[in-house]
Amino acid sequence: MADQVLSYLEMCQREGISLQRGMNFQVRGGHSVVLMSLQPGAPYRDRRTDDGTVLLYEGHDAPRRHGAPDPKTVDQPGQVPGGRPTENGKFYAAAMSARHGLTPPDRVRVYEKLRAGVWAYNGLFHLMDAALQHDGRRHVYVFRLELAPEEEPGDVQPRLTEPRRIIPTHVKVEVYQRDGGRCVVCGSTVNLHFDHVLPYAKGGSSDTAANVQLLCATHNLAKGDRLQ
């Protein structure tokens, strides 16, 4: 479920792999996984549109190696020296295939780092396009991810259960700190979700911490769309 709060271990357990890198093409279940950060000092320039339905995700640098140039000074690689595609190359090929209508867009689960050891699930996106752009000193990959219908347990096809948009990073961080990383109803610290006090589908804002709170799964489900 989108807006879920997870530890790093919970995130890895959900995906069934050790998420040692930020880009993971077609992991178990056939979807891809990316890890992002919009915090100051983040290593990559990930961005999103104002309405939160489109992510522009920057590709990843070559590994840092002793005696090699600083990865931030060289082009982001699409292949390893042996010719196999890097994760950049795999995502780029999938994006080009989707752009030209050759295959359906790749499904990508997006997780966002809020603080050390704390992540938020931003939801399911489709990989729609990509470009290799020059940022003034080197070429970097930029991937366009568009908000997709969310997965529901037992669904044959994912669906949107209600209109939604991503809660901005600064709001998530403020709410997590304000609520002390606990459900505001029962104080639980497990299976937490960011919840709109006034649901987004009913006009509630995602842009202010005053309309967002932390709820555990039990109280989040109990609330549903009811106004409290």
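Just so it is clear, the model here is predicted, and its values are computed rather than measured. Throughout, numbering of the chain's residues begins at 1 and tracks the sequence.
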Problem - Which atom of Tyr57 lies closest to which atom of Gly22, heavy atoms considered - result: OH-O, 3.2 Å
Fill in the blank from the handout: Nearest heavy-atom contact between Val190 and Cys216 is O-CB, 4.0 Å
Handout entry: Pairwise side-chain contact, Pro71 with Pro63, heavy-atom cut-off 4.5 Å (strictly under)
Key = no
Problem - Same apolar cluster: Phe194 and Val118, side chain cutoff 4.5 Å - result: yes
Exercise for the section: For Glu87, enumerate each residue passing the salt bridge (charged side-chain N to carboxylate O under 4.0 Å, His left out) test, keeping only those at least two apart in sequence or located in another chain. Expected result: Arg21, Lys90
Exercise for the section: Measure the CG-OH distance between Leu6 and Tyr111 for me, rounded to the nearest 0.5 Å. Expected result: 6.5 Å
Handout entry: side chain to side chain donor-acceptor pair (under 3.5 Å) partners of residues 172-185, not counting sequence neighbours, each pair once
Key = Glu112-Lys172, Asn122-Lys172
Problem - Flag for Gln39-Ser37: side-chain donor and acceptor within less than 3.5 Å - result: no
Practice task
Flag the pair Tyr141 / Tyr92 as yes when their ring centroid distance falls below 6.0 Å, and as no otherwise.
Solution key: yes
Handout entry: Heavy-atom side-chain contact between Arg48 and Val54 under 4.5 Å
Key = no
Practice task
Decide yes or no for Leu215 and Val185: does some side-chain heavy atom of the first lie under 4.5 Å from some side-chain heavy atom of the second?
Solution key: yes
Handout entry: Val142-Val110 co-clustered via ILVMFWY side chain contacts under 4.5 Å
Key = no
Handout entry: Listed partners of Asp129 passing side-chain contact (heavy atoms from CB on, under 4.5 Å), at least two apart
Key = Met96, Arg99, Arg144
Handout entry: Pair Met36-Leu55, side chain to side chain contact (heavy atoms under 4.5 Å, CB included): steps then yes or no
Key = CA-CA 10 Å; Met36 63 176 287; Leu55 297 179; 4.0 Å; yes
Handout entry: Validation row: Leu19, Cys12 side chains within 4.5 angstrom (heavy atoms)
Key = yes
Exercise for the section: Could you go through the side chain to side chain contact (heavy atoms under 4.5 Å, CB included) check for Val5 and His193 one step at a time? Expected result: CA-CA 6 Å; Val5 181; His193 297 76; over 6 Å; no
Problem - Non-hydrogen side-chain atoms of Asp207 and Pro168 separated by less than 4.5 Å - result: yes
Exercise for the section: Kindly say whether Leu198 contributes a backbone atom to a donor-acceptor pair with the side chain of His196 at under 3.5 angstrom? Expected result: no
Practice task
Please step through side chain to side chain contact (heavy atoms under 4.5 Å, CB included) for the pair Gln76 and Glu58, ending with a clear verdict.
Solution key: CA-CA 10 Å; Gln76 290 182 340; Glu58 185 178 310; 3.3 Å; yes
Practice task
Indicate, with yes or no, if Val34 and Met128 share a hydrophobic cluster defined by side-chain heavy-atom contacts under 4.5 Å among Ile, Leu, Val, Met, Phe, Trp and Tyr.
Solution key: no
Problem - Distance (rounded to the nearest 0.5 Å) between Thr169 OG1 and Leu38 CG - result: 4.0 Å
Handout entry: Val212 and Val197: CA distance, side-chain angles, deciding distance, side chain to side chain contact (heavy atoms under 4.5 Å, CB included) verdict
Key = CA-CA 6 Å; Val212 180; Val197 178; over 6 Å; no
Fill in the blank from the handout: Heavy-atom closest pair (Ala94 atom, Leu127 atom, distance to 0.1 Å) is CB-CD2, 4.0 Å
Problem - Carboxylate-amine/guanidinium proximity below 4.0 Å for Arg28 and Glu15 - result: no
Practice task
Tell me whether the guanidinium CZ or amine NZ of Arg14 lies under 6.0 angstrom from the six-membered ring centre of Tyr121 and within 45° of its axis.
Solution key: yes
Completion exercise
Separation between NZ (Lys72) and CG (Asp135), nearest 0.5 Å, reads 9.5 Å
Problem - Distance-only donor-acceptor check, side chains Ser205 and Asn211, under 3.5 Å - result: no
Practice task
Any chance you could measure Gln133, atom CD, to Arg138, atom CZ, to the nearest 0.5 Å?
Solution key: 12.5 Å
Problem - Student check: side-chain heavy atoms of Tyr44 and Val140 closer than 4.5 Å - result: no
Practice task
Could you pull out the closest heavy-atom pair between Gln79 and Gly83, with the gap in Å?
Solution key: NE2-O, 3.4 Å
Fill in the blank from the handout: Closest non-hydrogen atoms of Arg107 and Gly29, given as atom of the first, atom of the second and distance, are NH2-O, 3.4 Å
Handout entry: Heavy-atom closest contact (Leu35 atom, Trp119 atom, distance)
Key = CB-CZ3, 3.8 Å
Completion exercise
d(Asn220 CG, Asp195 CG) to nearest 0.5 Å is 5.0 Å
Fill in the blank from the handout: Separation between CG (Leu9) and OG (Ser18), nearest 0.5 Å, reads 9.5 Å
Problem - Any Leu124 side-chain heavy atom under 4.5 Å of Val108 side chain - result: no
Problem - Donor-acceptor contact below 3.5 Å, side chain Thr86 vs main chain Pro77 - result: yes
Problem - Ser32 vs Phe91 side-chain heavy atoms within contact, under 4.5 Å - result: yes
Handout entry: Same apolar cluster: Leu132 and Phe143, side chain cutoff 4.5 Å
Key = yes
Practice task
State whether a side-chain donor-acceptor pair under 3.5 Å links Glu10 with Asn191.
Solution key: no
